[in-house]
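Report on one structure; see the data block that follows.
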Amino acid sequence: MGFLDDAKKTAAAVGEKVKDTWDDTTDRISDKADEVGAEAEVKKAEAERDSVKARNDIKENLRDS
């Protein structure tokens with residue numbers, strides 16, 4: 001019975017390790033997706049800021065003319 005019990009414990013440990021690795025991998029993928037999404041939002045906000053600044057500069061130049 002000792003061998004069988006050891007095999008069960010080993011199989012359970014391996015299964016737990018695989019589960020932990022899977023959980024870590026899915027967390028990393030989720031984190032990377034969040035990071036990419038945040039970067040996209042920042043780029044969009046920067047582009048909008050630049051657009052507004054350019055529009056305001058044009059309006060200011062027209063007022064001065």
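Computed from heavy atoms alone, side chains included, the values below leave out hydrogens, waters and symmetry copies.
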Name all pairs fulfilling the salt bridge (Lys or Arg N to Asp or Glu O under 4.0 Å) condition that reach into [range], sequence neighbours left out, sorted by first residue then second.
{"range": "residues 9-22", "answer": "Lys19-Asp23"}
{"range": "residues 33-51", "answer": "Lys32-Glu35"}
{"range": "residues 56-65", "answer": "Lys53-Asp57, Glu60-Arg63"}

Residues that, via side-chain heavy atoms closer than 4.5 angstrom, fall in one hydrophobic cluster with Leu62: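 The other cluster members (ILVMFWY side chains, heavy atoms under 4.5 Å, direct or chained) are Ile58.
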Those residues that, when tested against Ser51, pass side-chain contact (heavy atoms from CB on, under 4.5 Å) (two or more places apart):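 If we apply the side-chain contact (heavy atoms from CB on, under 4.5 Å) test to Ser51, skipping adjacent residues, the hits are Arg55.
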Atom pair CG (Asp31) and OG1 (Thr26), whose distance is rounded to the nearest 0.5 Å: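 So the gap between those two atoms works out to 9.5 Å.
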